[in-house]
Amino acid sequence: MSTLGLLRTLFNPKIVTPNAIQLQSLNRSPFLVGLFFNHEQVRTMSRVKRRTTHPPYWHVLKNNQRQDEKISSDNLRFVREVIQDKYKNKSPIKGSDLDIEKKEWDPKTKRSGVIARNIGVQHMWEKDGKKVVCTVLHVLDNHVIRYVPPEEYAKSIIGAKVFRNRKPLGCLVVGAEAANPDRFTRQYCSLFNEVGLLPKKRLARFIVTPNAVLPPCTPLTAGHFVVGQAVDVYGKTIDYGFQGVVKRWGFKGGPASHGATKFHRRGGTIGTGRDKARVWPGQKMPGHMGSERRFCRGLKIVRINMKYNVIYVKGTVPGPTNSIVQIFDTVLPRRKFTEAPPHPTYFPPEDGTLPQEDIWDSSLHVFGSPSISV
Amino acid sequence: MLRRAVLQTFRQGLAQSFFKRNAVSLSETTVTHQPIETSNEADEKSVSKQKPGDESGNTVVVAPPEFRFMYPEFLPDPAMERRNRLKEKLERIDMLQRRSVVEIPEFYTGSVMAVTVADANSPNKFARFVGICIQRGGSGLRAWFILRNVVDKQGVEILYEMYCPLIQKIEVLRLERRLDESLLYLRDALPEYSTFPLDMEPERRLNNSVVPINPLKVKLRPRPWLERWERQNLQGVEDLNLPQRFYDKAEKVAKPWEKYDLMLQYRKTIPAEEQEKIFADVHSQLQQQEFKRKMRRRRGTDNEQ
């Protein structure tokens, strides 16, 4: 045993029973800290799994391995007809048709979220002339696929983790971006058989309270949100690939000239040689950077275009242009709703007329209005 | 500028010569679908050419090819990773909305312009600046241009964002082009080439059909300079009179193969078919706005009378 270990046992007389789990106690008495330890540094990146390149094992296989099937054009046409018959276009669902029990909204309600595509960044101006960078999010053709009630969701692997010490909530599975069933496997298409919808390219789960439940096949549009509210946006950050230590961790590297031999963008030392006498887990080194789950909290919606189903959000969003993100009402306590939003979701008026095509926040300068004079 | 709309028909006849002079920004793929009309045929009042008709028999309106020079900010950034057709369409709608309020005239690098901006810190709440446009860039609502002038022997450059709502008025005092697309060398030139009177009046052009190219060759101050102008193949600068070693090094560093690189040009430009679609989209609205402005001006002069 090392000297350090001996000293530890001297100062930590704990009776270890055979069944007890030995706790790692740190003796922080000033005598020892000054003499033998540099402070116990915790390298938090050590055990965090930052990304996976494969889906969880309970997901069904999604994409078809396209074999070069030599089908005649007649048969291809027949296949297309079969698909069209199976997924005949349904008329859009009206609010009155659905049997939603008219539940009241209360401040503790969690509504569904929405899947959108980040289509780029546009500059807008406020009424005092200040420029504001807004991200444009295009709400795709979202449909609710199914609802998982709280009791069932709490038994699943993820649900058990999320609701370990909380009251369980339900979960809505929402899909976006309908695609040709040819490209997906039969198991994946079977997920949509109950609803009778064309299979969606992207699925997401949103945790909802039971009073915000939506029946399957309900469409979700940009009108689900209100101009001026705060939203959280989840996305996967830009994938930078394998990056060096300067870009990945912000190291300073070495001098560009003055005789530096082959030391311009390297990390330098990775350990002291005395304490621990090894490289600590979590030591910052080159590696894969990006493509990580991130949430941008509390972004304000400044404009909604109901005709094109587009939301303008103040600020930027994780992920590159044309990537998929998920938007939902914010969890930040001071920016939550005080008045009832479209609950459980927004349904366009029955007679087909849009009340207002383009809704702007009061702080923004509308482009068609006269120039600002200070 | 004031009677351009009426005389624009004549420009069509001279479009061919216009192209030949301005072949720098054209890619090899820009081919017009119709033969260039001579001035005899260009008698229609409308500026737009009408395609002989697609399969359904409807006439398709196509914007004149000069639009890619007059309104370059309607073309999006060519980088494919960041392009999205829906977003570009929405941005164009916003740009046209802004243009319906403020007249953003046609201008080029080398034109002398005056911009009036709302400014809280100036005495009469508006600040007017006159200068020569030395560079323009950006696409969509981010389009910008830089005006340069020498005020009290101090060179001043201001970058204006074309669609900023603080801008009250943009006037083109002298519409002309220079031999280069970017006049940044005026920073190293003698100050008289960048000096323009702040109370300059708008100049009337005799020949409204073609934008004149000013073949002025500017004299630079003695070295040191801000950039290595001998490496940039500038047309609008007088002979630099440098020692031969500068030109030798410039040759070593030059990339003469770039002019044969088709993919490089392709990546830097938007394909001609897309450009046509974009400008056809935008053309009718711009024409309407131009017409409304003309009527407003005429009504204004009638009221004065």
Side-chain angles (χ1 to χ4, degrees), chain A residues 116-141 177 222 238-241 290 302-313 316-317 319-325 357-360 363-374, chain B residues 73 76-104 115-128 137-144 159-171 285 288-289 292 296:
Chain A
R117 173 173 279 132
N118 166 12
I119 59 176
V121 147
Q122 185 169 304
H123 295 189
M124 314 262 253
W125 283 267
E126 289 183 346
K127 288 218 160 100
D128 56 0
K130 199 171 95 165
K131 189 159 87 168
V132 151
V133 168
C134 299
T135 312
V136 191
L137 301 167
H138 176 217
V139 175
L140 306 166
D141 55 333
E177 227 189 330
I238 298 176
D239 193 350
Y240 292 98
V302 289
R303 181 179 167 192
I304 296 182
N305 190 322
M306 304 285 262
K307 182 177 168 196
Y308 292 101
N309 256 339
V310 155
I311 299 174
Y312 292 73
V313 138
T316 49
V317 132
T321 311
N322 292 322
S323 66
I324 304 284
V325 297
E357 201 185 282
D358 210 347
I359 314 168
W360 295 70
S363 65
L364 273 197
H365 168 260
V366 182
F367 281 115
S369 60
S371 306
I372 300 170
S373 40
V374 185
Chain B
E73 75 270 8
D77 189 0
M80 269 318 286
E81 306 89 47
R82 275 174 264 128
R83 285 201 61 189
N84 186 288
R85 304 298 186 271
L86 175 63
K87 187 246 176 183
E88 284 154 24
K89 184 174 171 182
L90 294 170
E91 203 169 11
R92 258 178 269 134
I93 294 172
D94 285 337
M95 285 161 77
L96 289 167
Q97 287 275 306
R98 176 67 190 153
R99 271 174 181 265
S100 70
V101 176
V102 160
E103 190 201 343
I104 301 177
V115 174
T116 319
V117 173
D119 188 5
N121 302 320
S122 61
N124 30 343
K125 301 294 180 189
F126 293 113
R128 186 172 189 264
S139 58
L141 289 165
R142 282 158 286 149
W144 52 265
L159 187 149
Y160 291 105
E161 296 193 317
M162 274 157 73
Y163 291 90
C164 178
L166 288 168
I167 291 182
Q168 311 295 314
K169 204 174 180 192
I170 304 178
E171 302 158 89
Q285 296 240 21
Q288 272 178 31
Q289 285 173 9
K292 275 186 198 155
R296 234 179 284 148

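Only heavy atoms go into these numbers, but all of them, side chains included; no hydrogens, no water, no symmetry mates. By convention in this document, chain letters (A, B, ...) are assigned in the order of the sequence lines, proteins followed by strands, and residues within each chain are numbered from 1.
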task: Sort B:L96 into side chain, backbone, both or neither according to what part of it lies under 4.5 angstrom from a heavy atom of chain A.
output: neither
- line: Scanning both residues in full, the closest heavy-atom pair of B:Q168 with B:A118 reads NE2-CB, 3.4 Å
Heavy-atom contact with chain A under 4.5 Å, split by part of B:E161: side chain
- request: Find the one option among B:D119, B:L141, B:I93 whose heavy-atom pairs under 4.5 Å with chain A are most numerous.
  value: B:L141
- line: Checked A:R117, A:M124, A:K131 vs chain B; the most non-hydrogen pairs under 4.5 Å come from A:K131
field: Residue, of A:V136, A:D358, A:I372, A:V310, that accumulates the most heavy atom pairs under 4.5 Å with chain B
entry: A:I372
message: Counting only heavy atoms from other residues, nucleotides and ligands, does the tally under 6.0 Å from CZ of B:R128 exceed 12?
response: yes
- line: Whatever's closer than 4.5 Å to a heavy atom in chain B on A:H123 counts as both
Closest approach of A:V139 to A:A116 (non-hydrogen atoms, all atoms of both residues): CA-CB, 4.0 Å
- prompt: Has the side chain of A:R303 got a donor or acceptor atom that lies under 3.5 Å from a matching backbone atom of A:V313?
  reply: no
Proximal component of B:E91, with respect to chain A [non-hydrogen, under 4.5 Å]: both
message: Does any part of the side chain of B:W144, heavy atoms only, come nearer than 4.5 Å to the side chain of B:E73, both counted from C-beta?
response: no
Backbone of B:A79 reached by a side-chain donor or acceptor of B:E81 within 3.5 Å: no
- prompt: For the candidates B:L90, B:I167, B:D94, B:L86, which exhibits the highest count of non-hydrogen atom pairs separated by less than 4.5 Å from chain A?
  reply: B:D94
query: For A:N305, is it the side chain, the backbone, both, or neither that has a heavy atom closer than 4.5 Å to a heavy atom of chain B?
result: side chain
message: Report which part of A:V121 has an atom under 4.5 Å of a heavy atom belonging to chain B: side chain, backbone, both, or neither.
response: backbone
query: Any side-chain donor paired with an acceptor under 3.5 Å for B:R99 and B:Y163?
result: yes
